[in-house]
Protein chains: 2
Amino acid sequence: MAKTILVVEDDKNISDLLQMYLKREGYEVFAAYDGGEGVSMFSQVKPDLVLLDLMLPVLDGWGVCRAIRQQGPTPVIMLTAKGELDDKVAGLKEGADDYITKPFEMRELLARVEAVLRRGTTARQTSRRLTFDKLVIDMDSFELIVDGKKLEAPPKEMELLYCLASSPNRVFSRNELLDEVWGYEYFGDSRTVDVHIKRLRDKLEGVSDQWSLKTIWTRGYKFEVL
Amino acid sequence: MAKTILVVEDDKNISDLLQMYLKREGYEVFAAYDGGEGVSMFSQVKPDLVLLDLMLPVLDGWGVCRAIRQQGPTPVIMLTAKGELDDKVAGLKEGADDYITKPFEMRELLARVEAVLRRGTTARQTSRRLTFDKLVIDMDSFELIVDGKKLEAPPKEMELLYCLASSPNRVFSRNELLDEVWGYEYFGDSRTVDVHIKRLRDKLEGVSDQWSLKTIWTRGYKFEVL
DNA sequence: TATTCTTTTTACAAATTGTTCACGCCTTGC
DNA sequence: GCAAGGCGTGAACAATTTGTAAAAAGAATA
């Protein structure tokens, strides 16, 4: 699964350049062009990493960083201009995981991105989060973000969806799903799965054409990704 | 690079528990189950920090501490049982950087571990303060500032809120909260958590729409930040 | 020791979810 | 095209979980 990165940078040239290089590395990239947009996009996208310019309109980098920190342990790399060198310490205190001064070399930046992301998956807890087009399944905060909107879903639905989406395109039989989600000692009607699938479909209907919950006749269900 | 910690503790239950929590925080953990093993493992592993029980077979905590001190400036945190309170001063003189009395709360221990590691050698002082919209949780002065007004809250409520707010949006099960706030040796009814949550909600009701204490059905609670 | 504050337990009401059932439509094989 | 079984769907029920108040127990304080 591709890692997602949010770039918060008001200079369109720099932003475009970053986006291009990051995409070339295989990351999925989102961009915001001021602090406020950065914060709101963060909570919608839940990226794995944030690249954050310090000088921003509306809300500066510190404010954004603080807001992000308040929403979880997502790593942040600060982009600071030369003159702002003194702010380094402050930036790190606000919770940034690393910083890099502009003008930076792409190679250098990409190395740090990779380093922080690697640290993020090892040292910190394994984040139980899956991201698809217009869909975030986050089992840590136990929420579903559909097309940017937070959505509540009962435990069984969450776990069922998480299970299916953990192995995209793989078909799960009803009994497999009962084992994985309900537990191996469950002995109820396997049609129960159908009902939960139906409720998930209602919630996820027409959100994206990139993925869907498909029925495989006499076999089970799968989370299909194109 | 993950920091390494050596746990010298003869009670396997406590040792296992410590190992689990420390690993979850991203540390690399080694364990020794008596004083002699502790010393030899220390020189083999050269950990960044040692958690050292005072009462140990073969060679007691003081002896181990002395031996460690002779090999370098590695910080040591002593684990002392209640009855050994008087030994605290002696322990610190032997070169321990901090001590904590059993039964301790995981949260407290982890805070001290982090503090000692950050300082490199000396103990103390991590600012235990969290700030959100119209809410300050200050565990140093032990006060809650809600919408600019100081508010009194009993210890358990403070710690519960602090625990939840330390990892915003993360869902904590009742048992997790009992472990972290009440301590690992607490065996009361987990519904106790509910009552404290209720009292916190009464205090924090309608203060801000930026955050709230949310219930996740069959899962637990979380401090949600938008 | 008495008093006050905090914490835990208990009991009941309220809310939410999981499951089953029923009915009708759909797919498949003959 | 028909029969048989699989699937979608809506509604109802039951079981479990949680909110809440109040009493009991325990700690801290004067």
Side-chain angles (χ1 to χ4, degrees), chain A residues 139 142-144 151-164 171-206 212-224, chain B residues 82 101 103 105 107 139 142-144 150-164 171-206 212-224:
Chain A
M139 300 302 282
F142 222 83
E143 68 191 0
L144 227 49
L151 217 61
E152 308 272 315
K156 279 284 185 293
E157 282 173 47
M158 286 293 288
E159 301 203 337
L160 177 58
L161 180 58
Y162 183 76
C163 177
L164 288 164
V171 182
F172 290 81
S173 74
R174 289 178 174 69
N175 282 325
E176 258 181 298
L177 292 169
L178 286 177
D179 274 358
E180 296 252 2
V181 177
W182 275 257
Y184 59 85
E185 53 172 351
Y186 180 83
F187 292 110
D189 190 338
S190 76
R191 293 298 309 278
T192 297
V193 177
D194 300 29
V195 178
H196 287 278
I197 289 285
K198 144 79 170 155
R199 291 182 183 155
L200 279 170
R201 281 177 172 156
D202 287 345
K203 290 189 173 69
L204 302 176
E205 190 176 37
S212 62
L213 285 172
K214 274 216 166 173
T215 305
I216 308 301
W217 180 259
T218 70
R219 288 294 177 270
Y221 299 96
K222 70 172 173 179
F223 183 80
E224 185 176 67
Chain B
K82 250 182 197 166
T101 55
E105 293 163 21
R107 155 161 303 279
M139 299 303 285
F142 218 82
E143 66 191 2
L144 222 52
K150 272 191 192 175
L151 213 61
E152 304 276 314
K156 279 285 184 291
E157 283 174 47
M158 287 293 289
E159 303 219 9
L160 177 59
L161 181 59
Y162 183 76
C163 177
L164 287 163
V171 181
F172 290 80
S173 74
R174 289 178 175 71
N175 283 325
E176 257 181 298
L177 292 169
L178 286 177
D179 269 2
E180 298 244 8
V181 177
W182 274 257
Y184 60 85
E185 58 143 28
Y186 181 84
F187 290 111
D189 191 338
S190 76
R191 291 300 307 278
T192 297
V193 177
D194 300 29
V195 178
H196 287 275
I197 289 283
K198 147 81 169 154
R199 298 203 179 123
L200 280 170
R201 280 177 173 156
D202 287 346
K203 289 190 174 70
L204 303 175
E205 189 177 36
S212 64
L213 285 172
K214 268 213 169 173
T215 305
I216 307 301
W217 215 77
T218 70
R219 287 299 179 277
Y221 297 96
K222 69 174 173 179
F223 183 81
E224 185 176 68

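Computed from a predicted structure; not experimentally measured. Chain A is the first sequence line, chain B the second, and so forth, proteins listed ahead of strands; every chain is numbered from 1.
Running 5' to 3' along DNA chain D, contacts with non-hydrogen atoms of chain B at under 4.0 Å begin and end at D/dT16 to D/dA21. On the nucleic acid side, DNA chain C has its first and last nucleotide under 4.0 Å of a heavy atom of chain A at C/dT17 to C/dT28, going 5' to 3'.
Here the CH2-OG1 distance, from B/Trp182 to B/Thr192, works out to 7.0 Å after rounding to the nearest 0.5 Å. In this structure, B/Arg201 CZ and B/Tyr221 OH are separated by 6.0 Å, a value rounded to the nearest 0.5 Å.
Shown here are the side-chain hydrogen bond (donor to acceptor under 3.5 Å, both in side chains) partners of B/Glu159, two or more places apart in sequence or in another chain: there are none. Here A/Glu224 pairs with A/Lys214, A/Lys222 under the side-chain hydrogen bond (donor to acceptor under 3.5 Å, both in side chains) rule; sequence neighbours left out. Judged as a side-chain hydrogen bond (donor to acceptor under 3.5 Å, both in side chains), and not counting sequence neighbours, A/Lys156 has no contacts. Remark: A/Pro155 engages A/Phe142, B/Thr218, B/Arg219 in a side chain to side chain contact (heavy atoms under 4.5 Å, CB included) (not counting sequence neighbours). For B/Ser173, there are no side-chain hydrogen bond (donor to acceptor under 3.5 Å, both in side chains) partners, not counting sequence neighbours. Listed by chain and number, the residues in a ring-ring contact (aromatic ring centres under 6.0 Å, His included) with B/Phe223 are B/Phe132, B/Trp211 (sequence neighbours excluded).
A/Leu164 places a side-chain heavy atom less than 4.5 Å from the side chain of A/Ile197.
Between A/Ala153 and A/Leu144, the closest heavy-atom pair is CB-CD2, 4.1 Å. Between A/Leu160 and A/Val193, the shortest heavy-atom distance links the atoms CD2-O, 4.4 Å.
When each of B/Pro154 and A/Ala153 is assigned the nucleotide of DNA chain C with its nearest heavy atom, B/Pro154 is the one assigned upstream, toward the 5' end. Taking for each of A/Gly188 and A/Trp217 the nucleotide of DNA chain C with the nearest heavy atom, the 5'-most of the two is the partner of A/Gly188.
Looking at heavy-atom distances under 4.0 Å, B/Thr218 makes contact with sugar-phosphate atoms alone, never a base.
Checked options A/Met158, A/Glu180, A/Glu176; the residue passing with A/Cys163 is A/Glu180 (criterion: side chain to side chain contact (heavy atoms under 4.5 Å, CB included)).
Of the residues in residues 174-181 of chain B, not one comes within less than 4.0 Å of DNA chain C through any heavy atom. For DNA chain C, the residues of residues 195-204 of chain A within the heavy-atom distance limit of 4.0 Å (strictly under) are A/Val195, A/His196, A/Arg199, sorted by number.
Within a 6.0 Å sphere centred on NZ of A/Lys203, other residues, nucleotides and ligands contribute more than 12 heavy atoms.
Legend: salt bridge (charged side-chain N to carboxylate O under 4.0 Å, His left out) pairs involving residues 190-199 of chain B, not counting sequence neighbours, sorted by first then second residue: B/Arg174-B/Asp194, B/Arg191-B/Asp194, B/Lys198-B/Asp202.
Across the helix from C/dT1-D/dA30 to C/dC30-D/dG1, the helix axis at one end is tilted relative to the axis at the other end by 40° (nearest 10 degrees, each axis from five pairs).
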